[in-house]
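Below, all heavy atoms of this structure are taken into account, side chains as well, without hydrogens, waters or symmetry copies. One-based numbering, in listed order, for ligands and for the atoms of each.
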Amino acid sequence: MVSRVIPVETFDLVIFGGTGDLARRKILPGLFRRFLSGQMPPDSRIIGAARSDLDDAGYRNMIAEAIAEFGGVESKDSKGLAAFMGCLHYVPIDATGDTGWARLFDLTREGVIQAFYFSVAPSLFGALAERLHTHKIADDRSRIVVEKPFGRDLESAKALNDTLAAHFKETQIYRIDHYLGKETVQNLMAVRFGNVLFEPLWNNHYVDHIQITVAETVGVGGRGSYYDKSGAMRDMVQNHLMQLLCLIAMEPPAMFGADAVRDEKLKVIRALQPVDYHHIVRGQYDATDTEPSYREDAENPKSFTESFVAMKVNIANWRWAGVPFYLRTGKKLKARSSEIAVVFQDLGHSIFKGDEARHRNILSIRLQPNEGMDLQVTIKEPGPGGMRLIDVPLDMTFADALGPDAEEVPDAYERLIMDVIRGDQTLFMRGDEVEAAWAWTDPLIEGWERRNDVPKLYETGSAGPEDAMMLMHRDGRRWRELKG
Ligand code: BG6
């Protein structure tokens, strides 16, 4: 297959927090892959800026080690690595003082695209934005990239939006939700809006319910102090699951463009009904003989923070009235498995006598692992014996369907950073979207805090607490099996 990689324009990317975990694990290895693919022009500059007292050579060593550890097979390309190292620079910087800014001014060039990645605590956003302007480093063409957590409630998210808006226009602000950079998430839009097949069925006349699952096998070990103040609701539901929900439920935008798509997503969030607390299950993983409990991982023996949430959500609009959306996410579960399943309604009438089984079509969109889709259809079981019906998946695992020559799928971060350089905001959250998501989430969190809700314990390696199963069973439905 001929490569279809289109190089972006030459850029200067400044990474504040350039020695941090995200920079070493994701941002730099991702940029290295874009460099090797030919998408990142070799005269671009990546400038790490952080507190550590390093020089360019020290930073290059640090990043070469990070690429060796997190970069995958490409890290073996020593010639490519040496060339990539030539793009790297480092500036020791004081976000709230004067050190380093003059050097940063010298290193960033006029006339090339400039992006500033704020991979630092949100409390520093204001100071960084202000200094970028007073030192005349940023201008109206600059882009800034910010990460989640974008606030911890509506009030703090608004304050962050105001801080950024004081220095940058909305069209310059790229709020990352890395789920939007995942291949299958974008495929969701391609499938919905690029085929005539599904859209007529995509509503309450044909859909029984929709399940969105993001299950992880990892615990919170190592990030316990952050996570314990956040919990699954803030860490996963308010952002990642909400984005998936928006993409699956939104109306077709008039065109695939940043504001057209984001306007439609915003309408979904605003149409979300408040969730009755009987329709939310919170869980916390328990210890086994060999594995620590959540409380041990979080080093908080009295923690009531949830590492699992399941809930039933309704969208109050014509398309979805009466169709429940079941969301669940959790850590230390049975399998790493993220999937959206659109479960269609039962046949109104079966012409096949003696066939008692319930047959339904299910479109399953797998985010990870084995990215792909399958559509469960009912067919005749092959062979003699009359009309016996079975359900089989029409499977489209992308890796199989596209064959060994398919271009390698870029990691979410790689794609999103290249979108920043291209100036495409479609896969980034707009300020009003983030605020609307918090406005819906806040009362749910306040509700359980007021009730002193204690999360239900669940066994490590299970599918979550029993109550989550009951949430579905009460409605005569069941969760899809968690398969890794
Ligand atoms: C992050 C969360 O945003 O997403 C983590 O903070 C979570 O808690 C991670 O583990 C999951 O991302 P992925 O891409 O591994 O599904």
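- Y326 pairs with exactly one of R480, R477, Q211 by the side chain to side chain donor-acceptor pair (under 3.5 Å) rule, that one being R477.
- Pocket lining of ligand 1, defined as residues with a non-hydrogen atom under 4.0 Å away: K148, H178, Y179, K182, E216, R223, D235, M236, H240, K331, R336, Q368.
- Taking the ring centre of F198 as origin, the terminal cationic atom of R192 falls outside the region bounded by 6.0 Å and 45° from the ring axis.
- For the pair K182 and Y179, the cation-pi test (distance below 6.0 Å, angle within 45°) is passed.
- S230 pairs with exactly one of D235, V220, T305 by the side-chain contact (heavy atoms from CB on, under 4.5 Å) rule, that one being D235.
- Just one of R336, K334, K331 meets the salt bridge (Lys or Arg N to Asp or Glu O under 4.0 Å) condition when paired with E216; it is K331.
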(request) Would you sort out whether E414 and R33 count as a salt bridge (charged side-chain N to carboxylate O under 4.0 Å, His left out), showing the intermediate values? (result) CA-CA 8 Å; E414 290 171 48; R33 282 191 290 271; 2.5 Å; yes

